[in-house]
Amino acid sequence: MSDAPVHDAVREKYGAIARSVGKTGCCGPTACGGGDPITSNLYSDADTRDLPADAVAASLGCGNPTALLALEPGSTVLDLGSGGGIDVLLSAKRVGPAGKVYGLDMTDEMLALARANQQKAGATNVEFLKGTIEAIPLPDRSVDVIISNCVINLSTDKDAVLREAFRVLKPGGRFAVSDVIVRGHVPPDVRRSMELWVGCIAGALEESEYASKLRAAGFTDVEVEPWRIYNVEDARSFLTEGGLDVDRLAPEVEGRFASAFVRARRPEAAPCCGPDCCA
(Lines give C-alpha, C1' and ligand atoms only; values in the text may rest on other atoms or scores of the structure.)
Protein backbone atom coordinates (compact mmCIF):
# COMPACT_ATOMS: atom_id res chain seq x y z
CA MET A 1 0.00 0.00 0.00
CA SER A 2 1.33 3.45 -0.87
CA ASP A 3 1.92 6.22 1.65
CA ALA A 4 -1.11 8.41 0.84
CA PRO A 5 -3.91 5.87 1.53
CA VAL A 6 -2.24 4.74 4.73
CA HIS A 7 -1.71 8.30 5.96
CA ASP A 8 -5.34 9.12 5.16
CA ALA A 9 -6.59 6.03 6.96
CA VAL A 10 -4.41 6.71 10.01
CA ARG A 11 -5.61 10.33 10.15
CA GLU A 12 -9.22 9.21 9.97
CA LYS A 13 -8.81 6.50 12.61
CA TYR A 14 -6.86 8.56 15.13
CA GLY A 15 -8.83 11.71 14.44
CA ALA A 16 -11.99 9.83 15.40
CA ILE A 17 -10.30 8.52 18.54
CA ALA A 18 -9.20 12.01 19.54
CA ARG A 19 -12.73 13.34 19.07
CA SER A 20 -14.09 10.55 21.26
CA VAL A 21 -11.85 11.27 24.24
CA GLY A 22 -13.87 12.67 27.12
CA LYS A 23 -17.11 11.36 25.61
CA THR A 24 -16.69 7.59 25.89
CA GLY A 25 -14.23 7.65 28.78
CA CYS A 26 -11.99 5.08 27.11
CA CYS A 27 -10.57 4.78 23.65
CA GLY A 28 -8.00 2.01 23.94
CA PRO A 29 -10.21 -1.05 23.31
CA THR A 30 -12.02 0.63 20.41
CA ALA A 31 -8.82 1.64 18.70
CA CYS A 32 -7.40 -1.66 17.51
CA GLY A 33 -10.09 -4.28 17.45
CA GLY A 34 -10.34 -4.83 21.19
CA GLY A 35 -6.69 -4.11 21.85
CA ASP A 36 -6.72 -4.38 25.64
CA PRO A 37 -3.89 -6.97 25.74
CA ILE A 38 -1.76 -4.44 23.86
CA THR A 39 -2.62 -1.10 25.42
CA SER A 40 -3.26 -2.11 29.03
CA ASN A 41 -0.95 -1.81 32.03
CA LEU A 42 1.76 0.19 30.30
CA TYR A 43 2.14 3.00 32.84
CA SER A 44 2.31 2.95 36.60
CA ASP A 45 -0.04 4.96 38.78
CA ALA A 46 2.93 7.10 39.72
CA ASP A 47 3.49 7.90 36.02
CA THR A 48 -0.07 9.00 35.37
CA ARG A 49 -1.10 10.47 38.73
CA ASP A 50 -0.41 14.09 37.78
CA LEU A 51 -1.31 13.89 34.09
CA PRO A 52 -4.57 15.17 32.55
CA ALA A 53 -7.12 12.38 32.31
CA ASP A 54 -7.55 12.96 28.58
CA ALA A 55 -3.83 12.39 27.96
CA VAL A 56 -4.09 9.02 29.67
CA ALA A 57 -7.35 8.12 27.92
CA ALA A 58 -5.83 8.84 24.49
CA SER A 59 -2.82 6.60 25.08
CA LEU A 60 -2.84 3.97 22.32
CA GLY A 61 0.70 2.64 22.54
CA CYS A 62 2.19 -0.80 23.08
CA GLY A 63 4.78 0.14 25.69
CA ASN A 64 6.23 2.93 27.78
CA PRO A 65 9.19 4.42 25.89
CA THR A 66 9.91 6.89 28.69
CA ALA A 67 10.90 3.91 30.87
CA LEU A 68 13.52 2.69 28.39
CA LEU A 69 16.24 5.15 29.35
CA ALA A 70 17.11 7.92 31.75
CA LEU A 71 16.27 11.38 30.46
CA GLU A 72 18.73 13.91 31.73
CA PRO A 73 17.72 17.45 32.77
CA GLY A 74 18.27 19.87 29.92
CA SER A 75 17.91 17.25 27.18
CA THR A 76 15.93 17.76 23.98
CA VAL A 77 13.50 14.93 23.22
CA LEU A 78 11.37 14.17 20.15
CA ASP A 79 8.32 11.90 20.29
CA LEU A 80 7.40 10.48 16.87
CA GLY A 81 3.63 10.17 16.58
CA SER A 82 2.87 11.87 19.88
CA GLY A 83 -0.91 11.41 19.85
CA GLY A 84 -2.61 12.85 22.92
CA GLY A 85 0.74 13.72 24.45
CA ILE A 86 1.20 11.27 27.34
CA ASP A 87 4.85 10.44 26.54
CA VAL A 88 5.67 14.07 25.79
CA LEU A 89 4.32 15.20 29.15
CA LEU A 90 6.13 12.42 31.02
CA SER A 91 9.36 13.33 29.25
CA ALA A 92 8.86 17.04 29.97
CA LYS A 93 8.90 16.33 33.71
CA ARG A 94 12.18 14.47 33.42
CA VAL A 95 14.11 16.94 31.28
CA GLY A 96 12.98 19.85 33.45
CA PRO A 97 12.56 23.52 32.57
CA ALA A 98 15.99 23.67 30.93
CA GLY A 99 15.01 20.87 28.55
CA LYS A 100 12.64 20.72 25.59
CA VAL A 101 10.25 18.06 24.30
CA TYR A 102 8.77 18.04 20.83
CA GLY A 103 5.73 15.98 19.91
CA LEU A 104 5.25 15.27 16.20
CA ASP A 105 1.89 14.18 14.82
CA MET A 106 0.07 14.52 11.50
CA THR A 107 -3.50 14.41 12.83
CA ASP A 108 -5.11 17.78 13.55
CA GLU A 109 -7.50 16.39 16.16
CA MET A 110 -4.69 14.67 18.07
CA LEU A 111 -2.59 17.83 17.96
CA ALA A 112 -5.50 19.85 19.33
CA LEU A 113 -6.03 17.30 22.11
CA ALA A 114 -2.31 17.22 22.93
CA ARG A 115 -2.09 21.01 23.13
CA ALA A 116 -5.13 21.09 25.41
CA ASN A 117 -3.45 18.49 27.63
CA GLN A 118 -0.27 20.57 27.61
CA GLN A 119 -2.24 23.56 28.87
CA LYS A 120 -3.89 21.50 31.61
CA ALA A 121 -0.53 20.12 32.69
CA GLY A 122 1.11 23.56 32.64
CA ALA A 123 4.01 22.20 30.58
CA THR A 124 5.98 25.18 29.26
CA ASN A 125 8.91 23.16 27.85
CA VAL A 126 6.76 21.36 25.26
CA GLU A 127 5.99 22.06 21.60
CA PHE A 128 3.71 20.02 19.35
CA LEU A 129 4.55 20.02 15.64
CA LYS A 130 2.44 18.98 12.67
CA GLY A 131 4.17 16.69 10.20
CA THR A 132 4.97 13.13 9.27
CA ILE A 133 7.58 10.87 10.76
CA GLU A 134 9.00 10.29 7.27
CA ALA A 135 9.89 14.01 6.98
CA ILE A 136 10.61 15.39 10.44
CA PRO A 137 10.31 19.21 10.52
CA LEU A 138 13.41 19.78 12.65
CA PRO A 139 17.01 20.66 11.76
CA ASP A 140 19.89 18.20 11.53
CA ARG A 141 21.48 17.19 14.84
CA SER A 142 18.90 19.00 16.93
CA VAL A 143 17.67 16.42 19.48
CA ASP A 144 19.30 14.22 22.11
CA VAL A 145 16.69 11.47 22.33
CA ILE A 146 13.97 10.08 20.05
CA ILE A 147 11.06 8.13 21.51
CA SER A 148 7.95 6.67 19.91
CA ASN A 149 5.11 4.43 21.02
CA CYS A 150 3.71 1.92 18.53
CA VAL A 151 3.81 4.37 15.61
CA ILE A 152 6.74 3.41 13.37
CA ASN A 153 4.97 0.15 12.53
CA LEU A 154 2.22 2.26 10.90
CA SER A 155 4.61 3.76 8.33
CA THR A 156 4.89 2.33 4.83
CA ASP A 157 8.44 3.73 4.51
CA LYS A 158 10.28 2.73 7.65
CA ASP A 159 13.66 3.30 6.00
CA ALA A 160 12.75 6.98 5.58
CA VAL A 161 11.62 7.18 9.22
CA LEU A 162 14.89 5.73 10.49
CA ARG A 163 17.00 7.91 8.19
CA GLU A 164 15.15 10.98 9.45
CA ALA A 165 15.54 9.87 13.05
CA PHE A 166 19.29 9.50 12.49
CA ARG A 167 19.46 12.90 10.78
CA VAL A 168 17.86 14.88 13.61
CA LEU A 169 19.75 13.13 16.42
CA LYS A 170 22.90 14.72 17.70
CA PRO A 171 26.05 12.59 17.60
CA GLY A 172 25.78 10.21 20.52
CA GLY A 173 22.00 10.69 20.56
CA ARG A 174 19.73 7.83 21.55
CA PHE A 175 16.79 6.13 19.85
CA ALA A 176 14.42 4.35 22.28
CA VAL A 177 10.99 3.29 21.05
CA SER A 178 8.23 0.82 21.72
CA ASP A 179 6.90 -0.93 18.63
CA VAL A 180 5.17 -4.06 17.37
CA ILE A 181 7.36 -6.70 15.75
CA VAL A 182 6.91 -10.07 14.06
CA ARG A 183 8.92 -13.06 15.24
CA GLY A 184 9.57 -15.47 12.38
CA HIS A 185 7.44 -16.30 9.33
CA VAL A 186 3.68 -15.79 9.32
CA PRO A 187 1.47 -16.56 6.26
CA PRO A 188 0.57 -13.28 4.50
CA ASP A 189 -3.22 -13.48 5.07
CA VAL A 190 -2.78 -14.36 8.73
CA ARG A 191 -0.13 -11.69 9.15
CA ARG A 192 -2.43 -9.05 7.68
CA SER A 193 -5.28 -10.03 10.00
CA MET A 194 -3.02 -10.03 13.05
CA GLU A 195 -1.55 -6.68 12.08
CA LEU A 196 -5.02 -5.19 11.79
CA TRP A 197 -5.69 -6.42 15.32
CA VAL A 198 -2.38 -5.30 16.77
CA GLY A 199 -1.87 -1.99 15.04
CA CYS A 200 -5.05 -0.94 13.22
CA ILE A 201 -3.20 -0.32 9.95
CA ALA A 202 0.18 -1.86 10.47
CA GLY A 203 3.22 -3.24 8.73
CA ALA A 204 5.15 -4.68 11.63
CA LEU A 205 8.76 -5.60 10.85
CA GLU A 206 10.34 -8.95 11.63
CA GLU A 207 12.67 -8.38 14.59
CA SER A 208 15.93 -9.05 12.72
CA GLU A 209 14.78 -6.85 9.83
CA TYR A 210 14.11 -3.99 12.25
CA ALA A 211 17.65 -4.28 13.57
CA SER A 212 19.07 -4.43 10.03
CA LYS A 213 17.21 -1.31 8.97
CA LEU A 214 18.50 0.60 12.00
CA ARG A 215 22.08 -0.38 11.17
CA ALA A 216 21.56 0.54 7.51
CA ALA A 217 20.44 4.01 8.63
CA GLY A 218 23.73 4.40 10.51
CA PHE A 219 22.77 3.40 14.06
CA THR A 220 24.94 1.36 16.38
CA ASP A 221 24.31 -0.48 19.67
CA VAL A 222 21.06 -1.83 18.24
CA GLU A 223 18.82 -3.89 20.53
CA VAL A 224 15.35 -5.34 19.83
CA GLU A 225 13.88 -6.77 23.03
CA PRO A 226 10.41 -8.42 22.88
CA TRP A 227 8.68 -7.89 26.20
CA ARG A 228 4.98 -8.64 25.70
CA ILE A 229 4.31 -11.60 23.42
CA TYR A 230 0.77 -12.08 22.11
CA ASN A 231 -0.92 -15.46 21.93
CA VAL A 232 -3.76 -16.55 19.71
CA GLU A 233 -6.31 -16.24 22.52
CA ASP A 234 -5.58 -12.52 22.74
CA ALA A 235 -6.90 -12.11 19.20
CA ARG A 236 -9.40 -14.99 19.00
CA SER A 237 -12.60 -12.95 18.72
CA PHE A 238 -11.09 -10.55 16.20
CA LEU A 239 -9.73 -13.33 13.98
CA THR A 240 -12.98 -15.29 14.20
CA GLU A 241 -14.96 -12.23 13.10
CA GLY A 242 -12.58 -12.03 10.14
CA GLY A 243 -13.60 -15.52 9.03
CA LEU A 244 -10.38 -17.28 10.07
CA ASP A 245 -10.24 -20.72 11.69
CA VAL A 246 -8.36 -19.76 14.81
CA ASP A 247 -7.70 -23.29 16.05
CA ARG A 248 -6.22 -24.33 12.71
CA LEU A 249 -4.08 -21.21 12.52
CA ALA A 250 -2.93 -21.24 16.14
CA PRO A 251 0.43 -22.93 15.47
CA GLU A 252 1.24 -20.28 12.82
CA VAL A 253 0.22 -17.35 15.02
CA GLU A 254 1.13 -18.31 18.56
CA GLY A 255 3.94 -16.15 19.89
CA ARG A 256 4.72 -14.59 16.51
CA PHE A 257 3.64 -11.02 17.33
CA ALA A 258 5.07 -9.00 20.19
CA SER A 259 5.55 -5.55 21.60
CA ALA A 260 9.25 -4.79 21.77
CA PHE A 261 11.61 -2.22 23.17
CA VAL A 262 13.91 -1.02 20.40
CA ARG A 263 17.09 0.85 21.30
CA ALA A 264 19.95 2.26 19.23
CA ARG A 265 22.43 5.11 19.21
CA ARG A 266 23.82 7.54 16.67
CA PRO A 267 27.63 7.24 16.84
CA GLU A 268 29.68 10.05 18.26
CA ALA A 269 31.14 12.43 15.69
CA ALA A 270 34.62 11.58 14.47
CA PRO A 271 37.29 13.76 16.08
CA CYS A 272 38.45 16.70 14.03
CA CYS A 273 42.06 16.27 12.98
CA GLY A 274 42.71 19.01 10.41
CA PRO A 275 41.87 22.58 9.44
CA ASP A 276 39.12 21.54 7.02
CA CYS A 277 37.67 18.36 8.48
CA CYS A 278 34.95 20.07 10.52
CA ALA A 279 33.96 22.69 7.97
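Any value given below was found using the heavy atoms of this structure, including those in side chains, with hydrogens, waters and symmetry copies removed. Keep in mind that what you see is a predicted model, and the values were worked out from it rather than measured. Along the sequence shown, the residues carry numbers beginning at 1.
- A donor-acceptor distance shorter than 3.5 angstrom exists from the side chain of N125 to the backbone of A92, with no hydrogens or angles considered.
- Taking 4.5 Å as the limit, every side-chain heavy atom of F166 sits out of range of all side-chain heavy atoms of I146.
- Considering every non-hydrogen atom in both V126 and A123, the closest pair reads CG2-CB, 3.8 Å.
- The shortest non-hydrogen separation linking P52 to L89 is CD-CD1, 4.1 Å.
- Taking both residues in full, the closest heavy atoms of V161 and E134 are given as CG2-CG, 3.8 Å, listed atom of the first, atom of the second, then distance.
- At a threshold of 4.5 Å between non-hydrogen side-chain atoms, the residues S178 and N149 count as touching.
- Nearest approach of K130 to D108, heavy atoms of both residues: NZ-OD1, 2.8 Å.
- For the pair N153 (side chain) and D179 (backbone), a donor-acceptor distance under 3.5 Å is absent.
- Taking both residues in full, the closest heavy atoms of G83 and D105 are given as N-OD2, 2.8 Å, listed atom of the first, atom of the second, then distance.
- For the pair R94 and D47, the salt-bridge criterion is met [side-chain N within less than 4.0 Å of a carboxylate O].
- When the shell of 6.0 Å around CD of E127 is examined, it contains more than 12 heavy atoms from other residues, nucleotides or ligands.
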Would you sort out whether I133 and S155 count as a side-chain contact (heavy atoms from CB on, under 4.5 Å), showing the intermediate values? CA-CA 8 Å; I133 62 176; S155 174; 4.2 Å; yes
For side-chain contact (heavy atoms from CB on, under 4.5 Å), just list the numbers for L104 and L138, CA-CA rounded to whole Å, side-chain angles, deciding distance to a tenth of an Å, and then say yes or no. CA-CA 10 Å; L104 175 63; L138 286 173; over 6 Å; no
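- Residues K158 and I152 are in side-chain contact: their nearest non-hydrogen atoms beyond the backbone lie under 4.5 Å apart.
- Within the 4.5 Å cutoff, side-chain heavy atoms of I229 are placed close to those of R183.
- Looking at D54 and K120, their side chains come closer than 4.5 Å, going by heavy atoms from C-beta outward.
- Between P97 and T124, the closest side-chain pair of non-hydrogen atoms is not below 4.5 Å.
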Just do the side-chain contact (heavy atoms from CB on, under 4.5 Å) check on L71 and V77 with the steps written out, would you? CA-CA 9 Å; L71 293 177; V77 179; 4.0 Å; yes
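- Counting heavy atoms from C-beta on, the side chains of L205 and I181 never come closer than 4.5 Å.
- When all heavy atoms are compared, the tightest approach of G85 to A114 is N-CB, 4.2 Å.
- Ion pairing of R263 with D221 is absent here, as no side-chain N (NZ or NE/NH1/NH2) approaches a carboxylate O to less than 4.0 Å.
- Note on ring orientation: taking the six-membered ring where Trp is involved, the planes of F261 and W227 are parallel (angle under 30°, cut-offs 30° and 60°).
- Between E206 and S208, the side chains place a donor N or O and an acceptor N or O closer than 3.5 Å (distance only, hydrogens not considered).
- Of the options L69, L169, D79, a side-chain contact (heavy atoms from CB on, under 4.5 Å) to V145 is made by L69 and by none of the others.
- Inter-residue side-chain proximity for Y43 and L90 is flagged as met; some heavy-atom pair is nearer than 4.5 Å.
- A donor atom on one side chain and an acceptor atom on the other are not found under 3.5 Å apart for T76 and Y102.
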